[in-house]
Protein chains: 2
Amino acid sequence: MLSQATMSQPHAAVRQFATVKPRASLNSLFGGQPIETFEPGTAVFWEGDEARHVFEVVEGVLRVFRILSDGRRVITGFLYPGDLLGVSLKEQYLYTAEAVTRTKLRRYEHGRFQDEINRSPELRPQLFACLCDEMAAAQDQMVLLARKSAEERVASFLLVIARRLLGDERQPVIEIPMTRLDMADYLGLTIETVSRTMTRLTNCGVIAPSSRHAMVVRKLGKLAVLAGEGDADDKCAAGFGGVQQAVWPN
Amino acid sequence: MLSQATMSQPHAAVRQFATVKPRASLNSLFGGQPIETFEPGTAVFWEGDEARHVFEVVEGVLRVFRILSDGRRVITGFLYPGDLLGVSLKEQYLYTAEAVTRTKLRRYEHGRFQDEINRSPELRPQLFACLCDEMAAAQDQMVLLARKSAEERVASFLLVIARRLLGDERQPVIEIPMTRLDMADYLGLTIETVSRTMTRLTNCGVIAPSSRHAMVVRKLGKLAVLAGEGDADDKCAAGFGGVQQAVWPN
DNA sequence: CGTCGCTTTGATTTACCTCAACCTTGGTGG
DNA sequence: CCACCAAGGTTGAGGTAAATCAAAGCGACG
């Protein structure tokens, strides 16, 4: 039973873009809980808060971030419906979670959550899978931040979103609920650079803005190439199945 | 029992600098296995290989990395004795693991490992804790890569090593088994920048080189401040004398 | 003692940041 | 219904940290 002893450490969370979410039964765990709503910009919890609960995102988008002492902000991930937030063995949350859009969550008491997980041989592997997906996403992000150019970063970001929304459409319309500042803090760039890069992508016909927070991806293949990862172009991601998942057409 | 179904996905790995390693019994799982030795530069497995085994690092240091199609390399982590490698539900390894120094490993068949974990209510939380630690480390790394200056990156790196080796000594002697290129690929910098930065740290008296792969940390506190995170005496870091380098008094 | 791999140091370039102005959009109230 | 405003976004000009290009040092080893 995930004994006290071993649970006596703080942090982490299954927050992910864990793109695929076959966690039906895991999520059903939260079924009985009441739904809480958070307005845009509202914090669900702060870095350093005692980690009392695990949350399931029912609706909306969240950002998860840390702030350095001098104010620099780093968004380590965005959370979408179906994702879990606050899973970890740490005593305190290691980051702040805030609603990007109006968000609905279900809350589960932390200890109880661990008990349930531990009790159920069915839930356990699901949670484990979530953690693995999140880890994989974190590694992709490290690659992006360590070595990709501004253009590759933005392209990668759009690509992940496009693939999540619809696996295969030729010209998917994607929603970008977050602001440019959010994107910048997630991609390790400035707003200006993000803006300029998106303008360039638009001029190249790769994307076409619909509204400020939505756009059409006109050339998914091109986007994949621009994103870096030996993605589209080379004979299909040489090994690498690219953590993500997805299969892109053209 | 971590059924096939749910295990049907590739990747990840508990590789970490999971600084604390109270995973005595987890590691004891590998006790019966024969020890395998890998010479420096040798790969334990490659990105894309079928993920058949989980490894325990008995001795030595490993680097775990991915390579972009055009050759850019990103080291996502280093592994030390006690760490686990290859833990994940993915079908293939998502990265390559190579020995930095002569390394000794114990190997455990993947499915069997999962079974053991699933069977033991004692091991499970330990593994979970490892994953959480690794996730926490990955997030620190994202912060480092997204927003820290070259100097902060190098300082952070040295600090983590110093802290792992000895929690508190005033002037710890630390070993840096990896090359400058490894450091650069881990920190998202170039060799030249790493080299210059270390030279500067030396000139400031923060560190003092012993041999090429070992040095004395003369001012742990200073190093913590330079590393960014409101770390050591945070209220001290607050002022932050201009992120960069600048000139500090002794 | 010469070669090879790694590291350091120097000069120059550049991608991205910073600073600053301007434009868009959506909400509000007159 | 439109004028105004604030917040977010775009665009431009110039600065800079780190990359790139280019040479030497420095050990280790045969």
Side-chain angles (χ1 to χ4, degrees), chain A residues 39-41 63 68 70-74 100-102 144-155 157-158 175-203 207-215 226 228, chain B residues 39-41 63 68 70-74 100-101 144-157 176-204 207-215 226 228 241-247:
Chain A
E39 294 303 316
R63 62 181 157 250
L68 297 189
D70 63 343
R72 284 172 286 181
R73 184 180 74 157
V74 179
V100 171
T101 63
R102 163 181 278 249
L144 180 148
L145 294 169
R147 291 282 178 238
K148 288 190 179 180
S149 68
E151 188 165 272
E152 290 172 315
R153 295 182 197 200
V154 173
F157 177 74
L158 297 177
E175 303 276 326
I176 316 277
M178 52 294 284
T179 67
R180 295 291 126 107
L181 184 57
D182 287 333
M183 287 179 58
D185 286 348
Y186 179 61
L187 299 175
L189 301 170
T190 58
I191 356 183
E192 294 95 328
T193 298
V194 169
S195 181
R196 277 186 249 272
T197 304
M198 296 203 44
T199 299
R200 221 177 311 140
L201 290 177
T202 301
N203 293 338
I207 58 176
S210 305
S211 74
R212 191 175 289 177
H213 290 290
M215 56 186 29
L226 292 177
Chain B
E39 294 303 318
R63 62 182 157 249
L68 297 188
D70 62 345
R72 285 171 286 181
R73 184 181 73 159
V74 178
V100 171
T101 62
L144 179 149
L145 293 170
R147 291 283 179 239
K148 290 190 177 179
S149 68
E151 189 164 277
E152 291 172 314
R153 295 182 197 201
V154 172
S156 299
F157 177 74
I176 315 278
M178 54 293 284
T179 68
R180 294 291 124 107
L181 183 57
D182 287 333
M183 287 179 59
D185 286 347
Y186 178 61
L187 299 175
L189 300 170
T190 58
I191 358 183
E192 294 95 328
T193 298
V194 170
S195 180
R196 278 184 249 272
T197 303
M198 297 205 40
T199 299
R200 223 178 310 144
L201 289 177
T202 301
N203 292 339
C204 293
I207 57 176
S210 304
S211 73
R212 190 175 291 179
H213 290 289
M215 56 187 28
L226 291 178
V243 174
Q244 325 69 340
Q245 56 321 345
V247 187

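Throughout, protein chains are lettered first and strands after them, A, B, ... in sequence-line order, and every chain is numbered starting at 1. Remember, predicted model here, so these are calculated numbers, not experimental data. Reckoned from all heavy atoms, side chains included, excluding hydrogens, waters and symmetry mates.
- Counting heavy atoms from C-beta on, the side chains of Arg63(B) and Met178(B) never come closer than 4.5 Å.
- Side chains of Lys148(B) and Leu187(B) form no contact here, defined as non-hydrogen atoms less than 4.5 Å apart.
- Between Glu152(B) and Arg147(B), the shortest heavy-atom contact is OE1-O, 4.3 Å.
- The distance from atom CZ of Arg180(A) to atom P of dT11(D) is 11 Å, rounded to the nearest whole Å.
- dA19(D) atom C1' lies 15 Å from atom CG of Leu187(B), rounded to whole Å.
- Val100(B) and Pro40(B) make their closest contact through O-CB, 3.4 Å (heavy atoms, listed as atom of the first residue, atom of the second, distance).
- Distance CG/Leu226(B) to CZ/Arg153(B): 15.0 Å, rounded to 0.5 Å.
- Put simply, Thr199(A) has a side-chain N or O that comes within less than 4.0 Å of OP1 or OP2 on dT11(D).
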How does protein reach along nucleotides 14-22 of chain C, written 5' to 3' as B (base within reach of a heavy atom under 4.0 Å), S (only sugar-phosphate), or - (no contact)?
--SSBBB--

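- Rounded to whole Å, atom C1' of dT7(C) lies 13 Å from atom CG of Asp182(B).
- Distance Ile191(B) CD1 to dG5(C) P: 14 Å, rounded to the nearest Å.
- Between Ile176(A) atom CD1 and dG9(D) atom C1' the separation is 14 Å, expressed in whole Å.
- The two residues Thr190(A) and Ala184(A) have their closest heavy-atom pair at C-CB, 3.5 Å.
- Note that the OG1 atom of Thr197(A) and the CZ atom of Arg180(A) stand 10.5 Å from one another [nearest 0.5 Å].
- A distance of 13.0 Å separates CE in Met198(B) from OG1 in Thr193(B), rounded to the nearest 0.5 Å.
- Remark on the helix from dC1(C)-dG30(D) to dG30(C)-dC1(D): inter-end axis angle 30°, axes from five-pair C1' superpositions, rounded to 10°.
- Between the P atom of dT7(C) and the CE atom of Met183(B) lies a distance of 10 Å, rounded to the nearest Å.
- Inter-residue side-chain proximity for Phe157(B) and Ile176(B) is flagged as met; some heavy-atom pair is nearer than 4.5 Å.
- When side chains are defined from C-beta on, Met183(A) does not count as touching Ile191(A), because their heavy atoms never get closer than 4.5 Å.
- Residue contacts shown for Thr179(A) are limited to sugar-phosphate atoms, with no base heavy atom under 4.0 Å away.
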Criterion side-chain contact (heavy atoms from CB on, under 4.5 Å) on Met215(A) and Leu158(A), from CA distance to verdict
CA-CA 10 Å; Met215(A) 56 186 29; Leu158(A) 297 177; 4.1 Å; yes

Considering only nitrogen or oxygen atoms on both sides, find all protein atoms under 3.5 Å from nucleotides 24-26 of chain C and state each distance.
from	atom 1	to	atom 2	distance (Å)
dT24(C)	O2	Arg212(A)	NH2	3.3
dT25(C)	O4'	Arg212(A)	NH2	3.4

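- Remark: P of dC6(C) and CE of Met198(B) are 17 Å apart, rounded to the nearest angstrom.
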